[in-house]
Protein chains: 2
Amino acid sequence: MQEIPEIVTSIKQAAELTGLTEDTIRYYEKIGLLPYADRKRNGHRVYSREQIQSIIFLTRLKATGMTLEEMKSYRELSSLDKDTVPLRLSILENHHHKIQNEISRLFEVQKIIEYKIDHYRKITQNPDLNDTNCTSTIKKDL
Amino acid sequence: MQEIPEIVTSIKQAAELTGLTEDTIRYYEKIGLLPYADRKRNGHRVYSREQIQSIIFLTRLKATGMTLEEMKSYRELSSLDKDTVPLRLSILENHHHKIQNEISRLFEVQKIIEYKIDHYRKITQNPDLNDTNCTSTIKKDL
DNA sequence: TTACGACTTGGAGTATACTCCAAGTCAAGA
DNA sequence: TCTTGACTTGGAGTATACTCCAAGTCGTAA
């Protein structure tokens, strides 16, 4: 992780720090996922360290399968008052739950893939094995 | 998981068994991800148990983020001869690797979310806490 | 025989998330 | 002053993965 300066003075730098493209950052602002950024006198965007960190957090949520709309709801609530804390909490809990399921699913598929890899390894290491036989076993679930 | 009959005689049933919609199954066949299915005399699609299982395996790969194009490449290789085994193997190994990374990423985000949930819980359980203080800590990375 | 329901086809339309472009502005250096 | 480069905007275009629709076919039940 790069050091994030106190103030980020160009969209290019913001893109580098967040891993998004400049276009994507502008797009996120356009659809209201990111708040309208402050501009310099010449109209160029400026970001505080906190803003950059909040963008990075969004990219993490995105990486876990949250849609832009869901992130938007969450962000909109975050900028409101105390009353929304239970709502924010439930969004996070909900998402936590989804990720847990996702992780379980991934582990299951991982096991299936490992089983297949094993079969293919056996075939390559022992070319005398009847391929028809092996692949048909594998082909059962492709 | 439902029992899969030896022969599945309607696309509706195939959809129920695989969790896809009828339209999606037709779409997959249209783009060549699924082989052209046998038809009854009236033109309706029929599937063997093995074909249903292979569709289910595809849905699992998809759930792990494999694109339709990647699945298509894999499937096309699977229907070819022994020479493609090393290739199939490398596709699987590659994907296995990707899923491993994905799982690590998910765990990391899970930790961040747990941290936030914790903070929000503290706020709700102790309403006397200065909210401004707490949310600002959280808001640092939104 | 006619109506009905379950399917068929090709093709158009949609949602999501970008990605690209043209035309314009502004500040700094030659 | 002119050019260059980094940005700005609104809007159009693209990729992926469906999703929907109109028109037609087939087999059974009344």
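Letters A, B, ... mirror the listed sequences (proteins, then strands); counts begin at 1.
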Does C:dT8 have OP1 or OP2 sitting under 4.0 Å from an N or O in the side chain of B:Arg41? no
In whole Å, I'd like the distance from the CD1 atom of A:Ile31 to the C1' atom of D:dG10. 16 Å
Check whether any side-chain nitrogen or oxygen of B:Ser10 sits under 4.0 Å from OP1 or OP2 of C:dC7, and answer yes or no. yes
Is it true that atom CD1 of A:Ile7 has more than 12 heavy atoms of other residues, nucleotides or ligands lying nearer than 6.0 Å? no
D:dT16 phosphate, OP1 or OP2, under 4.0 Å from B:Tyr27 side-chain N/O: no
Atom-pair distance (NZ on A:Lys12; P on D:dG5), nearest Å: 12 Å
From CG of B:Leu34 over to P of D:dA17, roughly how many Å is that when rounded to an integer? 14 Å
Do the side chains of B:Arg45 and B:Glu22 get close enough for a salt bridge, i.e. N-O under 4.0 angstrom? no
Inspect the surroundings of NZ in A:Lys12 and state if more than 12 heavy atoms from other residues, nucleotides or ligands are less than 6.0 Å away. no
So which nucleotide from D:dC18, C:dA6, C:dC18 ends up closest to the side chain of A:Leu68? C:dC18
Tell me whether B:Asp118 is salt-bridged to B:Arg121, with the criterion being a basic N under 4.0 Å from an acidic carboxylate O. no
So A:Ile11, base contact, sugar-phosphate only, or nothing? Heavy-atom distance under 4.0 Å. sugar-phosphate
Reference residue B:Glu70; test salt bridge (charged side-chain N to carboxylate O under 4.0 Å, His left out); the match among B:Lys98, B:Lys62, B:Arg75: B:Lys98
May I ask you to evaluate whether A:Lys72 reaches the phosphate of C:dT16, defined as a side-chain N or O under 4.0 Å from OP1 or OP2? no
Picking from C:dC7, D:dA6, C:dC18, which would you name as closest to the side chain of A:Tyr28? C:dC18
Could you state the atom-to-atom distance from CD1 of B:Ile25 to C1' of C:dT9 in whole Å? 16 Å
I want to check one thing: is the phosphate of C:dT9, taken as OP1 and OP2, less than 4.0 Å away from some side-chain N or O of B:Arg26? no
What's the CZ-P distance between B:Arg45 and D:dT25, to the nearest Å? 17 Å
Counting only side-chain heavy atoms from C-beta out, which of D:dC18, C:dC18, D:dC7 sits nearest to A:Glu22? D:dC7
NE2/A:His44 to OG1/A:Thr9 distance, rounded to the nearest 0.5 angstrom? 10.5 Å
Can you tell me which nucleotide in C:dT19, D:dT9, C:dA27 comes closest to the side chain of A:Asn42? C:dA27
Interatomic distance where CD belongs to A:Glu69 and C1' belongs to C:dA15 [whole Å]: 11 Å
Whole-Å gap separating C1' (C:dT19) and CG (A:Leu20): 13 Å
Taking for each residue the nucleotide of DNA chain D with the nearest heavy atom, is it A:Asp23 or B:Thr21 whose nucleotide lies nearer the 5' end? A:Asp23
What is the distance, rounded to the nearest whole Å, between atom NE2 of B:His44 and atom P of C:dG5? 14 Å
N/O (side chain, A:Arg39) to phosphate O (OP1/OP2, C:dT25) under 4.0 Å: no
Base of C:dG11, side chain of B:Lys30 - is there a donor-acceptor contact under 3.5 Å? yes
